[in-house]
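Report on the structure given below.
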Amino acid sequence: MNEGFETLAVHAGQEADPYTGAVVPPIYAVSTYKQDGVGGLRAGYEYSRSANPTRSALEEALAAVEGGARGLAFASGLAAEDTLIRTVCEPGDHVLIPDDAYGGTYRLFSKVLSRWGLSFDPVPLGDLDAVRAAVRPETKAIWVETPTNPLLGIADIAALAQIAHESGAVLLVDNTFASPYLQQPLALGADVVVHSTTKYVGGHSDVVGGALIARSAEVGERLAFHQNAIGGVAGPFDAWLTLRGLKTLGVRMDRHCDNAERVVDLLLSHRKVTEVLYPGLPGHPGHEIAAKQMRRFGGMVSFRVAAGEEEAVAICGRTRLFTLGESLGGVESLIEHPGRMTHASAAGSPLEVPGDLVRLSVGIETVDDLLSDLTEALS
Ligand SMILES: *Cc1c(COP(=O)(O)O)cnc(C)c1O
């Protein structure tokens with residue numbers, strides 16, 4: 001299939017309903033399916049943990065937009081992560097994770113999976129020699145986030161895939177920050193892509209969800225087995241909202257990027273800002289790699305404040321349009337203080353973030369309104 005991204009987002013898995021002609025896959029709010037005689041399943045559906053038509057539509061669309069063999073939808077990003085690790089790893093295995101991993105991912109490894117006999121090491125994924133040095137015989141997976149949260153570090157997906165595969169490990173990429181519109185990890189050699197669809201894919205801050213997309217049908221089959229066996233599936237209404245969000249991902253991402261670029265320009269010229277973290281900036285240490293593997297540089301922008309932590313916290317309380325809140329990737333702009341909010345649990349760990357840091361999820365509002373809001377909050 002060589003249809004474009006936006007065509008796949010609107011049509012893949014979303015043929016008109018064969019019975020009614022409904023152009024949108026209905027919300028199949030149902031747990032079980034009538035069988036035509038014992039074992040006589042219609043269209044393969046028997047119980048909605050195993051499969052549900054609304055979820056199947058989303059899963060097919062997700063596989064198409066990421067260019068994978070199989071897509072699977074979960075109740076949350078973390079449910080997807082847990083299922084993924086328990087599919088590809090066993091007790092005794094070792095995993096490399098980013099040294100600035102998403103806080104919930106770090107907590108899953110440090111507080112939950114480690115109790116089940118999995119070891120892990122945080123590594124700076126931007127330093128390929130450090131990654132090679134950290135690989136052990138029992139390393140089963142390298143977990144990648146790029147861009148990272150909230151420092152917007154960049155990792156070279158193709159180079160990391162090569163390191164992983166030379167060591168007999170798999171490369172797992174959390175593509176939440178970039179979204180499939182901006183970055184296609186499977187085409188760069190990743191084995192499985194993970195999403196918190198709560199963020200850009202859903203895009204409207206109205207649903208929590210997660211996804212896994214496998215490059216090969218074989219890995220996809222093992223993930224599907226564990227999805228059903230563990231049971232953290234997306235419900236039909238959540239799947240429907242996520243699918244509705246996915247249709248407009250391409251147009252939303254372009255506006256997120258347009259607005260973020262303007263916000264970056266404003267911050268760069270502001271005397272109260274000491275550093276702007278955005279992979280689109282030529283001075284960003286990962287800029288060249290980002291330019292190679294991303295279509296554009298995304299809607300997330302972080303910056304550091306000259307006056308330090310108290311002023312960073314105060315700025316977060318002074319915006320009017322940028323809503324103070326966790327999460328990201330919705331149509332509305334958000335502002336937060338990672339040190340005291342999303343990354344508070346990383347305090348004292350190798351993943352602690354600077355106190356003078358502010359993170360923005362730049363939304364799709366009229367950009368001049370966003371700029372004047374930030375200008376006032378900074379003054
Ligand atoms: C939010 C997020 C997650 C976790 O997803 P949930 O849907 O909140 O469970 C994982 N990775 C990244 C990068 C995220 O931003």
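Counting starts at 1 for both ligands and their atoms, following the listed order. As a basis for the values below, the full set of heavy atoms in this structure was taken, side chains included, without hydrogen atoms, waters or symmetry mates.
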Give every residue pair that meets the salt bridge (Lys or Arg N to Asp or Glu O under 4.0 Å) criterion with at least one member in residues 48-73, sequence neighbours excluded.
R55-E59, R70-E221
Tell me if the CZ atom of R255 is crowded by more than 12 foreign heavy atoms within 6.0 Å.
no
side-chain hydrogen bond (donor to acceptor under 3.5 Å, both in side chains) partners of residues 313-324, not counting sequence neighbours, each pair once
E311-R318
From CA spacing to verdict: salt bridge (charged side-chain N to carboxylate O under 4.0 Å, His left out), R262, D265
CA-CA 5 Å; R262 295 282 305 279; D265 287 343; 5.4 Å; no
Pairs meeting criterion salt bridge (Lys or Arg N to Asp or Glu O under 4.0 Å) with involvement of residues 90-112, two or more places apart
D93-K140
What short N/O contacts, under 3.5 Å, does ligand 1 make with the protein, listed by atom pair and distance?
residue	atom	partner	partner atom	Å
ligand 1	5 (O)	S196	OG	3.0
ligand 1	7 (O)	G77	N	2.9
ligand 1	7 (O)	S196	OG	2.8
ligand 1	7 (O)	T198	OG1	2.8
ligand 1	9 (O)	G77	N	3.0
ligand 1	9 (O)	L78	N	2.9
ligand 1	11 (N)	D174	OD2	2.6
ligand 1	15 (O)	K199	NZ	2.7

Tell me whether R340 is salt-bridged to E309, with the criterion being a basic N under 4.0 Å from an acidic carboxylate O.
yes
